[in-house]
Amino acid sequence: MVELPKAYNPREVEDRIYQDWEKNGYFSARPDPAKKPYSIVIPPPNITGILHMGHALNNTIQDILIRFKRMRGFEAEWMPGTDHAGIATQNVVERRLAKEGVKRQELGREKFVEEVWKWREEYGSTIIRQLKKLGCSCDWPRTRFTMDEGLSGAVLEVFERLYKKGLIYKGSYIINWCPRCQTALSDEESQHRDVEGMLYYIKYPVKGSDEHVIIATTRPETMLGDVAVAVNPQDKRYKALKGKTLLLPILDRELKVIYDRLVDAKFGTGALKVTPAHDPVDFELGRKYALEEINVMNGDGTINASGGDYEGMDRFEAREAIIEDLKERGLFVKSEAHRHAVGHCYRCHTMVEPRLSPQWFVKMAPLAKPAIEAVKSGKIKFYPARWTKVYLDWMENIRDWCISRQIWWGHRIPVYYCKKCQGEKGIVVSRVKPEKCPSCGSAEMEQDPDVLDTWFSSWLWPFSTFGWPKETPELKYFYPTDSLVTAQEIIFFWVARMIMAGLEFMGDTPFKDVYIHGTVRDMTGTKMSKSLGNVIDPLDMIAKYGTDALRFSIISITAQGQDVYLSESKFELGRNFANKIWNASRFIMMNLKPEELSVDLCAFFKGMKLTLAERWILSRFYTTLGYVEECICKYKFNEAANAVYEFLWHEFCDWYIEISKSTIGEKSSQVILYKVLEKSLRMLHPFMPFITEEIWQKLPRPKDTAGESIMVQPWPHAQKEMISKDDEEDMGRVIALVASVRNMRAAWNIEPRAEIRAIINTHDPKDEKLFSGSSELIKRLARLLDLAIGRHAKPKSSAAAVIGRSDVYLPLEGLIDFEKEKARLGKELMRMEGEMKGLRSRLGDKNFTSKAPAEVIGKQRERAAELEIQIKKMKENMSEVAG
RNA sequence: GGGCACUUAGCUCAGUUGGUUAGAGCGUUGCGCUCACAUCGCAGAGGUCAGUGGUUCAAGUCCACUAGUGCCCACCA
């Protein structure tokens with residue numbers, strides 16, 4: 001006899017159980033030729049990361065997959081690790097140093113990087129500990145870090161290979177520059193946001209005349225770098241400008257007039273100021289017409305020496321100052337409100353400055369080609385499928401990837417420059433510092449100061465973590481991985497690039513399925529973020545409701561790929577469910593006689609004549625099991641979770657356990673309760689790992705599994721022969737009968753404790769047999785003193801209901817209000833007649849009977865026949881009432 | 001400018017390949033005898049599926065358009 005607390009207390013069990021799992025090495029996987037591999041690589045969280053609901057959702061899904069596959073006999077590897085998150089981490093450490101009054105520049109590069117490593121030692125695994133709180137069954141001993149030795153080696157290897165192949169190049173182009181982080185960003189790292197800006201109209205004088213051209217710009221400060229004015233050749237307004245020269249206001253620089261189709265005559269005045277160093281379109285024009293490229297800004301967004309008197313001003317200050325000066329000179333025409341999209345740094349949200357700058361790039365088109373094919377051919381599938389198009393659209397319009405960053409934390413670019421040689425000759429790509437320049441022999445070689453984009457290491461994650469470029473047994477066995485589970489935000493950053501890298505360096509796709517789950521939002525639909533203060537902290541929820549509750553709730557309310565709107569109250573769902581399971585198990589264990597359980601189940605079932613309820617619950621279990629398997633395989637986790645919930649709570653607890661209470665001492669009940677509970681725990685385990693383990697450990701078990709863990713038990717074996725649709729239907733009728741008696745009792749305010757008589761009137765032999773066979777059950781569940789079954793007339797003053805082809809009467813002498821009963825029955829009759837009308841018109845329609853499949857027609861005929869009987873009965877019942 | 005998603009009960013959402021009476025959780029109403037559970041039980045009320053048109057024997061489910069909401073992408077300065 002086991003004594004257990006009335007309520008499940010997750011805090012008491014979770015850490016203990018997790019430690020046990022970890023200690024026993026249950027999370028580890030190793031190449032095993034006897035087993036099939038199943039592998040997932042975790043989307044490596046940033047070392048600066050703190051567990052948020054997005055992580056909770058993402059990692060719960062992965063854990064469900066891994067635990068499910070592990071139980072199904074796969075060698076299931078969940079590769080964990082963290083990302084060094086270049087800019088993000090550098091920012092965090094810089095802020096920390098700033099609090100102590102230290103600037104990174106004062107510290108110097110080497111010392112600063114040391115500081116970051118120290119920070120990482122101290123805080124970098126916070127997120128890992130939090131993932132453990134979530135119950136994640138990652139193969140922790142293999143944990144990797146994008147800056148560890150092996151992965152850094154992979155990064156250098158890749159850089160070298162791509163450089164040799166001509167797919168990495170250096171050049172001066174317009175890139176997105178973050179003046180706060182003071183580094184280049186890739187196109188993906190510059191996120192467009194609508195901004196309420198202004199469009200300023202400025203007069204550019206025509207040299208040697210009183211005329212002028214009005215141009216419109218949103219960034220007047222960039223005029224300091226203007227070298228031309230461009231108009232559309234079709235634009236009649238500016239035909240007369242041909243051959244003339246304009247003067248740049250303030251600086252009095254001479255500007256050419258260019259005629260190019262790129263200019264949209266409809267925008268502004270149709271005249272475009274050309275600033276090749278600060279705008280992508282202008283840059284293109286600049287290269288096309290060999291214009292000078294004047295960079296007017298420093299890295300921090302202040303105006304540089306090319307900006308004349310404005311030197312040293314911040315870009316926005318300079319904007320104001322220039323407008324003032326233009327107004328003074330009478331060259332300012334007007335300004336108007338102008339809403340437009342402007343790039344912002346994805347890390348610090350500072351407005352990005354397009355800026356000409358020498359950077360390293362990866363040529364993407366050749367890499368994209370096979371990656372497009374891999375998805376088009378179906379070798380990689382997206383779930384939900386709609387992301388396929390998003391992926392393909394991006395890939396088909398892919399642009400080169402700016403990979404150099406002007407920060408210190410990251411993989412240093414493995415390129416050395418000879419101080420003496422100019423240009424190409426003096427460039428050496430090498431993992432180690434070359435002793436001398438291969439061209440001139442000089443020993444003065446200097447490494448490129450830049451580091452690589454963080455994603456330049458993450459895109460190698462599915463194979464670098466398994467030891468690539470070495471051909472390790474792990475790499476051979478676990479690559480390609482199976483499922484990638486991630487959020488939509490990083491399809492371009494990460495998913496697409498991993499596919500390209502996998503194909504390029506491994507010659508094979510890195511995974512088969514990509515499951516894109518939704519974004520976690522608050523109840524107003526806003527994305528949860530720390531800065532908005534609308535976060536629900538998963539760790540708080542774990543403390544309050546338990547990990548299983550958190551996991552189950554978030555899974556069950558998140559439909560495939562849909563965003564989820566979260567509020568704290570949603571976690572009650574999971575907590576209540578956990579408590580329900582706890583108490584059902586407690587009840588079963590209190591009544592379990594272990595000696596009854598040492599039976600061979602198959603032999604037992606063969607030899608035993610099971611009751612309808614017993615056959616029914618087994619059938620329902622195996623039906624549910626099959627459905628859950630199917631849903632997990634299709635990434636429909638909410639449907640799987642809800643099926644388990646419905647089965648356990650509403651079928652097993654509400655009906656079967658209640659039914660079993662009268663027979664609980666008997667062997668058959670003992671075995672069924674135990675078996676269904678034990679198997680259900682295994683079915684539920686991937687979703688709620690802790691409570692299932694805790695209960696399973698307390699359950700009496702066959703000797704050979706004693707002491708082991710539920711997480712290494714096999715997934716319940718599907719036994720189709722246990723599924724019987726007939727039994728499920730029959731039990732459904734019994735349940736309907738009980739429910740309708742209860743309904744009538746409630747409608748007529750029969751005291752719950754009052755035991756009354758009921759009469760079933762049936763002419764249907766099947767019903768008679770069914771209800772007779774279950775009469776004890778029905779009597780108990782409906783609290784009946786007596787149940788008469790057969791051909792009976794309706795007693796006077798009785799309530800009535802129709803169940804299938806039979807009636808049930810409750811003689812209620814003196815308790816019935818005839819008018820009320822008539823109304824109650826009348827409402828039901830109306831519903832039936834409404835349905836009947838629909839059926840009749842369909843069945844009478846030749847189009848329907850000739851075109852619909854026979855099966856559908858048959859079903860409707862059957863239904864109509866039954867409904868006809870029901871309506872007849874209902875009318876009789878009503879006339880009785882009237883009489 | 002392009003693309004995607006969403007609009008189903010008071011609230012938050014499910015709804016497989018179109019096929020009988022559209023589901024859940026929460027909330028709500030009534031009743032709670034019962035020795036697993038009030039983080040509970042039993043019973044009930046409550047939607048015609050944003051709108052319009054179409055395809056079909058049959059549409060919440062497919063198509064088109066409209067309206068609203070949200071998101072992503074995009075070099076009109």
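Residue numbers begin at 1 in each chain, while the letters A, B, ... track the order of the sequences.
Picking from B:C57, B:U12, B:U39 the nucleotide with the shortest atom distance to the side chain of A:Ala852 gives B:C57. Residue A:Val856 has its side chain nearest to B:G19 when only B:G19, B:C37, B:A36 are considered. With B:C37, B:G25, B:C4 as the choices, the nucleotide that has an atom nearest any side-chain atom of A:Leu573 turns out to be B:G25. Candidate nucleotides B:C6, B:U20, B:A36 were compared by shortest atom distance to the side chain of A:Leu839, and B:U20 ranks first. Closest contact between the side chain of A:Arg742 and the listed nucleotides B:C42, B:A36, B:C4 involves B:C42. Relative to the side chain of A:Asn743, the nucleotides B:A74, B:G44, B:C40 differ in distance, and B:G44 lies closest. For A:Trp649, whose side chain is taken as the heavy atoms from C-beta onward, the closest listed nucleotide among B:A77, B:C40, B:C33 is B:C40. Closest contact between the side chain of A:Arg842 and the listed nucleotides B:C4, B:U20, B:A77 involves B:U20. Between B:G15, B:C4, B:C40, one nucleotide has an atom nearer to the side chain of A:Lys580 than all others, and that is B:C40. Of the listed nucleotides (B:U39, B:U12, B:A38), B:U12 has the atom at the smallest distance from the side chain of A:Tyr565.
Contact annotation for A:Lys827: backbone-only contact, meaning every heavy-atom pair under 4.0 Å involves sugar-phosphate atoms and none involves a base. If you check every strand for non-hydrogen atoms under 4.0 Å, A:His650 touches sugar and phosphate atoms only. Counting any heavy atom pair closer than 4.0 Å across all strands shown, A:Glu835 reaches a base atom. Here A:Lys661 lies in heavy-atom contact (under 4.0 Å) with a base. Contacts of A:Arg219 with the nucleic acid, taken as non-hydrogen atoms under 4.0 Å apart, are absent. A:Pro354 comes within 4.0 angstrom of no nucleic acid atom, judged by non-hydrogen atoms across all strands. Using a 4.0 Å heavy-atom distance criterion, A:Arg863 is classed as a base contact. A:Ala341 comes within 4.0 angstrom of a nucleotide base, judged by non-hydrogen atoms across all strands. Residue A:Glu658 is classed as a base contact, given a heavy-atom separation below 4.0 Å to a base. Using a 4.0 Å heavy-atom distance criterion, A:Asp282 is classed as making no nucleic acid contact.
Using a cut-off of 4.0 Å between Lys/Arg side-chain N and Asp/Glu carboxylate O, A:Lys288 and A:Glu284 are scored as not salt-bridged. Residues A:Arg824 and A:Glu828 are not paired through a salt bridge, judged by the lack of any N-O separation under 4.0 Å between the basic side chain and the carboxylate.
The residue among A:Asp187 and A:His340 whose nearest nucleotide of RNA chain B is located toward the 5' end is A:Asp187. Annotation: of the two residues near RNA chain B, A:Asp393 and A:Ala265, the 5′-most nearest-nucleotide partner is A:Asp393.
The aromatic rings of A:Phe492 and A:Trp394 sit parallel to each other, their planes meeting at less than 30°, with 60° as the upper class boundary.
Pairs of residues two or more places apart, or lying in two chains, that qualify as side chain to side chain donor-acceptor pair (under 3.5 Å) and include a residue from residues 737-754 of chain A are A:Trp748-A:Glu821. Residue pairs meeting the salt bridge (charged side-chain N to carboxylate O under 4.0 Å, His left out) criterion with at least one partner in residues 639-655 of chain A, sequence neighbours excluded, are A:Arg620-A:Glu651.
What separates CD of A:Glu755 from P of B:U34 is a distance of 13 Å, to the nearest Å. A:Ile398 places its CD1 atom 14 Å from the C1' atom of B:C73, with the value rounded to the nearest Å. To the nearest angstrom, C1' of B:C42 lies 14 Å from CG of A:Leu784. Whole-Å rounding puts the A:Phe552 CZ to B:G25 P distance at 12 Å. When rounded to the nearest whole Å, the span between CZ of A:Arg831 and P of B:G44 equals 12 Å. Rounded to whole angstrom, the span from the CD atom of A:Glu866 across to the P atom of B:U21 amounts to 14 Å.
No donor-acceptor contact under 3.5 angstrom links the side chains of A:Glu188 and A:Tyr346, judged on distance only. For the residue pair A:Asn232/A:Asp264, the side-chain donor-acceptor check at 3.5 Å is not satisfied.
In this structure, A:Arg399 reaches the B:C75 phosphate: one of its side-chain N or O atoms is under 4.0 Å from OP1 or OP2.
Nucleotides B:C31 and B:U69, compared at atom C1', are 42 Å apart to the nearest Å.
Judged by atom type and distance alone, A:Arg745 does not reach the base of B:C42 through any side-chain donor-acceptor pair under 3.5 Å.
For the contact set between residues 486-495 of chain A and RNA chain B, defined by any heavy atom under 4.0 Å, the members are A:Gln488, A:Phe492.
Looking only at distances, no side-chain donor or acceptor of A:Arg861 sits under 3.5 Å from a matching main-chain atom of A:Ile857.
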**OP:** Report the C-alpha distance between A:Tyr645 and A:Phe687 in whole Å, list the side-chain angles of each, state the deciding distance to 0.1 Å, and finish with yes or no for ring pair (Phe, Tyr, Trp, His ring centres under 6.0 Å).
**Re:** CA-CA 11 Å; A:Tyr645 179 95; A:Phe687 303 89; over 10 Å; no
